[in-house]
Every structure is written in C-alpha cells, then in structure tokens.
> 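There's a structure below that I have some questions on.
All values derive from a computational prediction rather than experimental measurement. The chains referred to below are lettered A, B, ... by the order of the sequence lines, with proteins before strands, and numbering in each begins at 1.
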Amino acid sequence: GAVVSQHPSWVICKSGTSVKIECRSLDFQATTMFWYRQFPKQSLMLMATSNEGSKATYEQGVEKDKFLINHASLTLSTLTVTSAHPEDSSFYICSATTGHLNQPQHFGDGTRLSIL
Amino acid sequence: GENVEQHPSTLSVQEGDSAVIKCTYSDSASNYFPWYKQELGKGPQLIIDIRSNVGEKKDQRIAVTLNKTAKHFSLHITETQPEDSAVYFCAVKSSNTGKLIFGQGTTLQVKP
C-alpha cells in the first residue's frame, strides 16, 4: 500500500514553456502533499506544502508565481513550472501523507525536468 | 533553526558486513524519525521509521535506534547485500512546523 505515482518521469522542453507535473496517491487519501526539489548529490529541498482545498504554503525563496501548485482533490496535486528556464532544470519529487499524526510521507519517483 | 546532521557522507562496506549511519538533531520536542533509501533516478523510499516512545525498532536486516536524551538516532543494516547500495536519508519531523527536515544523505556502497 501507500503508493504515490508521479508523472511524467522525464520531460525536456524549450525555454519559455510551462510544464505540469502530476502527483497522485493511488491507494490512500492524501490530505497533505509536499513538493521537493533535488539537485545532484544533494538532499531534498522542500519547495511547498499543499493541503487539499487550500492554497499552497511556499518555503522562503520559492517563487509562488513560478511554481504553481494545485491540490484540488485528496488524490491529486499538480506542480506547474511556468515560463521555465534552464536554471529550473532539476529533479522534482512529490510526497503525500494522510495528515494524521506521525503518519509517514510517501514519495513519488520524481520528475527529471530539463529545459533547453 | 532546526538542524539534522548525518554521518558519514559516504560508506563503503564488504558484502555481508554491517553498516551504521548516524543522525543528530536539535529539536528536542521532535517525536518522529523516518529513514529513506533513494536509488539512482528514483524517489526516496521509506524503509523504517521510529517514534519517540520506543528506543529501537527492527525489520529483518534493518534496525533503527533512538536516543532522545542525546538527540541522535542510527540506522543499522546487517548482512549487507549489493542491492543495499543507495543513498540513505534520515529525517526528523519538526515539532513546530510538522515538516520533515532531512539529513545530508549517506552514499552506501556494498562491494560484492
């Protein structure tokens, strides 16, 4: 159980385009979803926290107009990288949790984003 | 601010040997401590977690020990196998924000 599916796994696009990444909890209801960014050989950096039906809360230094997050249902959250540029190239990973006290976060397999 | 330190950054062991990774944290009120394994090109996978009401938890070849007084916890992998090779992250759930704070990661290499 506790499967989180992330799509697409890999995307290459031209500078200036927008890219949408989906994160789905397949067998549980995710009250809270998180979006992380990971650079090579580094740890996970939290970008934002989204609760179903509410606006996302962004970490300091993360541009909310650049990284649009929607969490409209208990099983789906999306991250849209708007007007992407080469510096946005990275590995983006989502995680989901039921939100109950000390319940684990389960991660998707990440999306490798390359902006040309 | 809240901080998690993880050591070592790299660890190389011979197949069959044990591996130990240690994390220290600063938030004395934290009470949830998961460990994740990340294989190349994939997302982190939860392998074991411990809550502060216990001092040790074991799942087959994997165990985690927690010392709340000293604010450190460790991952123990016994009888290591080549497929254990990966990056391992410890994490601490912040008592203030509820968010996970991750360690820097340990690259474990198990040599056959």
Side-chain angles (χ1 to χ4, degrees), chain A residues 1-10 21-26 28 31-51 56-60 62 79 90-114, chain B residues 1-10 21 23 25 27 29-54 57 59 64 66 68 73 86-109:
Chain A
V3 177
V4 176
S5 174
Q6 192 171 336
H7 179 81
S9 57
W10 180 55
I21 303 169
E22 291 188 350
C23 180
R24 295 181 184 271
S25 57
L26 298 186
F28 67 100
T31 304
T32 306
M33 287 185 169
F34 302 87
W35 288 94
Y36 294 83
R37 184 171 180 177
Q38 187 177 36
F39 293 103
K41 299 187 186 300
Q42 292 191 22
S43 190
L44 289 81
M45 182 181 75
L46 180 65
M47 299 174 66
T49 303
S50 74
N51 291 299
T57 303
Y58 291 80
E59 295 300 299
Q60 191 172 8
V62 178
L79 167 67
S90 193
F91 192 52
Y92 293 88
I93 316 172
C94 71
S95 72
T97 179
T98 60
H100 298 147
L101 183 63
N102 289 340
Q103 287 303 300
Q105 281 188 32
H106 298 282
F107 285 81
D109 263 345
T111 296
R112 174 73 56 196
L113 176 62
S114 296
Chain B
E2 295 158 338
N3 191 40
V4 178
E5 293 288 332
Q6 181 173 345
H7 296 282
S9 57
T10 60
I21 304 169
C23 286
Y25 61 97
D27 180 2
S30 294
N31 57 14
Y32 178 66
F33 310 89
W35 283 92
Y36 289 89
K37 174 185 180 182
Q38 187 177 26
E39 297 177 339
L40 193 62
K42 294 193 173 183
Q45 177 190 8
L46 179 70
I47 55 172
I48 196 166
D49 57 9
I50 192 167
R51 292 166 177 80
S52 61
N53 56 341
V54 296
K57 183 177 178 180
D59 183 3
V64 56
L66 172 65
K68 282 220 74 180
F73 58 112
V87 179
Y88 291 81
F89 290 98
C90 66
V92 176
K93 187 172 184 179
S94 166
S95 61
N96 287 330
T97 64
K99 301 171 188 175
L100 289 182
I101 303 168
F102 285 87
Q104 297 81 1
T106 297
T107 300
L108 173 64
Q109 181 187 29

> Looking only at non-hydrogen atoms, find the nearest pair between B:D49 and B:V64 and report the distance.
O-CG1, 4.4 Å
> Would you mind checking which part of B:P34 comes under 4.5 Å of any heavy atom in chain A, side chain (CB onward), backbone (N, CA, C, O), both or neither?
neither
> Over 60° means perpendicular and under 30° means parallel, so classify the ring planes of B:F33 and B:F73, tilted if in between.
tilted
> Has the side chain of B:Q104 got a donor or acceptor atom that lies under 3.5 Å from a matching backbone atom of B:V4?
yes
> Enumerate by number any residue of residues 91-98 of chain B whose heavy atoms lie under 4.5 Å from heavy atoms of chain A; in the absence of such residues, state 'none'.
B:K93
> Tell me if the NZ atom of B:K42 is crowded by more than 12 foreign heavy atoms within 6.0 Å.
no
> Can you name the closest pair of heavy atoms from A:P104 and B:L46 and give their distance?
CB-CD2, 3.4 Å
> With a 4.5 angstrom heavy-atom cut-off, could you sort out which part of B:Q45 is near chain A: side chain, backbone, both or neither?
neither
> Any side-chain heavy atom of B:L66 sitting closer than 4.5 Å to one from B:K68?
yes
> With a 4.5 Å cut-off on side-chain heavy atoms, are B:Y25 and B:Q6 touching?
no
> Taking side chain as everything from C-beta outward and backbone as N, CA, C, O, which of these in A:Q103 sits under 4.5 Å from a heavy atom of chain B? Side chain, backbone, both or neither.
both
> Is A:T49 reaching over with its side chain to a backbone N or O of A:F34, donor-acceptor style, under 3.5 angstrom?
no
> For A:Q6, is it the side chain, the backbone, both, or neither that has a heavy atom closer than 4.5 Å to a heavy atom of chain B?
neither
> Would you call the rings of A:F107 and B:Y36 parallel, tilted or perpendicular if under 30° counts as parallel and over 60° as perpendicular?
perpendicular
> Taking every heavy-atom pair that is under 4.5 Å apart, which of A:L44, A:V4, A:I93 has the most such pairs with chain B?
A:L44
> Among B:G105, B:G103, B:P44, which residue forms the greatest number of heavy-atom pairs with chain A at distances under 4.5 Å?
B:P44
> Between B:L100 and chain A, with a heavy-atom cut-off of 4.5 Å, which part of the residue counts as in contact: side chain, backbone, both or neither?
both
